[in-house]
> 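To start, I am sharing the structure in question, which I have written as structure tokens.
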2 protein chains.
Amino acid sequence: MDLEARAHAEHPEALRLWLRLLTCTQLIERQLRAALREHFDTTLPRFDLMAQLERVPEGLRMSELSRRLMVTGGNVTGLTDQLVAEGLVERIGVEGDRRVWRVRLTEAGQRAFADMAHAHEQWVVQALEALTPREVDTLHRLLGKVKTHVQTLQGVATPEDIA
Amino acid sequence: MDLEARAHAEHPEALRLWLRLLTCTQLIERQLRAALREHFDTTLPRFDLMAQLERVPEGLRMSELSRRLMVTGGNVTGLTDQLVAEGLVERIGVEGDRRVWRVRLTEAGQRAFADMAHAHEQWVVQALEALTPREVDTLHRLLGKVKTHVQTLQGVATPEDIA
DNA sequence: TATTGTTATACTCTATAACTATA
DNA sequence: TATAGTTATAGAGTATAACAATA
């Protein structure tokens, strides 16, 4: 358990920070995946897709889901197909452009998501409970700088990006 | 590009922090994967395996690599096989126990890793260049608290964990 | 012609479990 | 019997590219 081994060289502080960032994220993500699997028989990408829909009751088109989840269109089709088969989301035609779908949570999907989101939140809170509220704030702010910079580097340009 | 959508509920600060942590890590990791692929035709797990070996010239046994990389044994066998086929690492028998191997970098592997590590470091430095040295320090320290706590929760208990 | 979404396919990464060979 | 490592297999998760329908 020490992924933090890639350190060496001229900027050891930056490298060490990156490796610690990666380790923390992996530890928490692994736990969340396992817990979602165990308690709700679902996966993180499916949870994320539902989380996007939960914020937009009227639904999102496939291309918008693809952009927000940062995955290609084919994957969104696959995830959506699964969730439709389970009755958690539905595709609704958009009048005026018959190529486009709005995807939205069904009522069952809303109920299921509420349960999952509640448990998910508790797992996250537990993982981060070593930090004081002030430290949570500081971390959030500093990571915000990193996020903005990296997005600029990668030319993502998402003014409508929230949080 | 806004994975940071799962927020809501009773502890929105913790959730927001987790989602930002995840977004930052994914953005950087994606870029590193793409760059390793493009410039060195390799992958992050292979790079990580070589990074572990670079610190231990005499080599590590398969089980130790498995522990350090946080993946199961079968995966280490597969990664090692690939790297052996390319002449970057070698398996050496251990006298006294014929079940055990020491895996270590070959000379070619050392040279290849030095190149990759140098480029890798520059990519990381660039991703984190929005932070002052002091902020890098703060982030590293706060994430250290998270890491320790999560490892305790998961019962990992790794006193020999470095960094 | 361009765009939206789907299909087909393949590759990386990972886990589990059965297996071989030593101890 | 227990341990070190391997093999076999399966399933996420993701990407690319060709495709159909519609604009």
Side-chain angles (χ1 to χ4, degrees), chain A residues 1 3 22 25-27 29-38 40-49 59-85 89-103, chain B residues 1 3 22 25-27 29-38 40-50 59-86 89-104 154:
Chain A
M1 174 79 45
L3 203 57
L22 184 59
T25 302
Q26 284 184 349
L27 285 168
E29 194 172 353
R30 203 171 283 227
Q31 205 252 305
L32 291 178
R33 280 184 201 279
L36 279 174
R37 168 67 62 205
E38 179 183 349
F40 298 102
D41 193 28
T42 194
T43 65
L44 214 36
R46 289 166 46 134
F47 179 75
D48 287 342
L49 195 157
L60 294 169
R61 42 165 70 191
M62 303 298 281
S63 55
E64 179 63 15
L65 278 170
S66 170
R67 191 186 68 79
R68 295 194 185 203
L69 297 171
M70 301 188 254
V71 300
T72 53
N75 298 308
V76 174
T77 297
L79 290 169
T80 303
D81 287 349
Q82 290 175 30
L83 294 169
V84 166
V89 312
E90 55 192 345
R91 281 186 176 91
I92 296 175
V94 167
E95 58 176 309
D97 188 337
R98 283 163 53 188
R99 295 170 306 179
V100 178
W101 298 103
R102 269 187 309 123
V103 183
Chain B
M1 176 79 46
L3 203 58
L22 185 58
T25 302
Q26 284 184 349
L27 285 168
E29 193 172 354
R30 202 170 284 226
Q31 204 253 307
L32 291 178
R33 281 185 200 280
L36 279 174
R37 169 67 61 204
E38 179 183 349
F40 298 103
D41 193 30
T42 194
T43 64
L44 214 36
R46 289 166 46 137
F47 179 75
D48 287 341
L49 195 156
M50 293 180 74
L60 294 168
R61 40 165 73 192
M62 302 299 281
S63 55
E64 180 61 16
L65 278 170
S66 170
R67 191 186 68 78
R68 295 194 185 204
L69 297 172
M70 301 188 255
V71 300
T72 53
N75 299 307
V76 175
T77 297
L79 291 169
T80 302
D81 287 349
Q82 291 175 29
L83 293 169
V84 167
E86 294 175 30
V89 312
E90 56 193 343
R91 281 186 178 89
I92 296 174
V94 167
E95 60 177 308
D97 188 339
R98 283 164 50 188
R99 296 170 306 180
V100 177
W101 298 103
R102 269 187 308 122
V103 183
R104 70 178 188 197
Q154 298 181 8

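So you know, we letter chains A, B, ... as the sequences are listed, proteins then strands, and number each from 1.
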> Answer yes or no: side-chain N or O of B/R98 and base N or O of C/dT22 forming a donor-acceptor pair under 3.5 Å.
no
> Working to the nearest 0.5 Å, report the span between CZ of B/R37 and CZ of B/R33.
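That separation rounds to 10.0 Å.
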> Check whether any side-chain heavy atom of B/R91 sits under 4.5 Å from a side-chain heavy atom of B/M62, and report yes or no.
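Of all side-chain heavy-atom pairs linking B/M62 with B/R91, at least one is under 4.5 Å.
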> A/T43 or A/G96: which one's nearest nucleotide on DNA chain D is closer to the 5' end?
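Its nearest nucleotide being more 5', the pick is A/T43.
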> Within less than 4.0 Å of OP1 or OP2 of C/dG5, is there a side-chain N or O belonging to A/S63?
yes
> Can you check whether B/E86 reaches B/R46 side chain to side chain, under 4.5 Å on heavy atoms?
yes
> In whole Å, what is the span from the CE atom of A/M62 to the C1' atom of C/dT7?
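My rounded result for the distance is 12 Å.
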> Look at B/S66 and D/dG5 and indicate whether a side-chain polar atom (N or O) is within less than 4.0 Å of OP1 or OP2.
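Indeed not, no polar side-chain atom of B/S66 lies that close.
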> Check every atom of C/dC13, D/dG5, D/dA12 against the side chain of A/R37 and return the nucleotide holding the closest atom.
D/dA12
> As a test of reading the structure: which of C/dG5, D/dG5, D/dA21 is closest to the side chain of A/T77, going by heavy atoms?
C/dG5
> Taking CG from A/D48 and C1' from D/dA12, how many angstroms apart are they, rounded to a whole number?
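For the pair A/D48 CG and D/dA12 C1', the rounded distance is 14 Å.
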> Please give, in whole Å, the distance from D/dT6 C1' to B/D81 CG?
9 Å
> A/N75 has an atom CG; how far is it from atom P of C/dA10, in whole Å?
16 Å
> Want to settle it: does B/L79 or B/G73 sit nearer the 5' end of DNA chain C, counting the closest nucleotide to each?
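In this pair, the answer is B/L79.
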> On DNA chain C, nearest-nucleotide positions of A/R30 versus A/V100: which is more 5'?
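Upstream on the strand: A/V100.
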> Output the rounded distance in Å from CD (A/E38) to C1' (D/dA12).
18 Å
> Please state how far atom CZ in B/R99 lies from atom P in D/dT1, giving the value in whole angstrom units.
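That distance rounds to 17 Å.
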> Whole Å only: how far is the CZ atom of B/R61 from the C1' atom of C/dA23?
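The answer, rounded to whole Å, is 12 Å.
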> Can you tell if the side chain of B/R30 reaches within under 4.5 Å of the side chain of A/M70, non-hydrogen atoms only?
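Contact flag for B/R30/A/M70 side chains = yes.
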> Determine the contact category for B/G93: base if any of its heavy atoms lies under 4.0 Å from a base atom, sugar-phosphate if only primed atoms, P, OP1 or OP2 are that close, otherwise nothing.
nothing
> May I ask you to test the B/L36-B/T43 pair for a side-chain heavy-atom distance under 4.5 Å?
no
> Starting at CG of A/L44 and ending at P of C/dC13, how long is that distance when rounded to a whole Å?
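Roughly 19 Å, once rounded to whole Å.
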> Quick one: which of D/dG5, C/dT3, C/dT14 gets closest to the side chain of B/V71?
C/dT14
> Regarding B/T72, tell me which of base, sugar-phosphate or nothing describes its non-hydrogen contacts under 4.0 Å with the strands shown.
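Answer is base: heavy atoms of B/T72 come under 4.0 Å of a base.
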> How about A/Q31 and A/L27: do any of their side-chain heavy atoms sit closer than 4.5 Å?
no
> Side chain of B/R91 only, heavy atoms from C-beta on: which candidate in D/dT6, C/dG5, D/dT22 is closest?
D/dT6
> From the list C/dC13, D/dA2, D/dT22, which nucleotide is the closest neighbour of the side chain of B/R33?
C/dC13
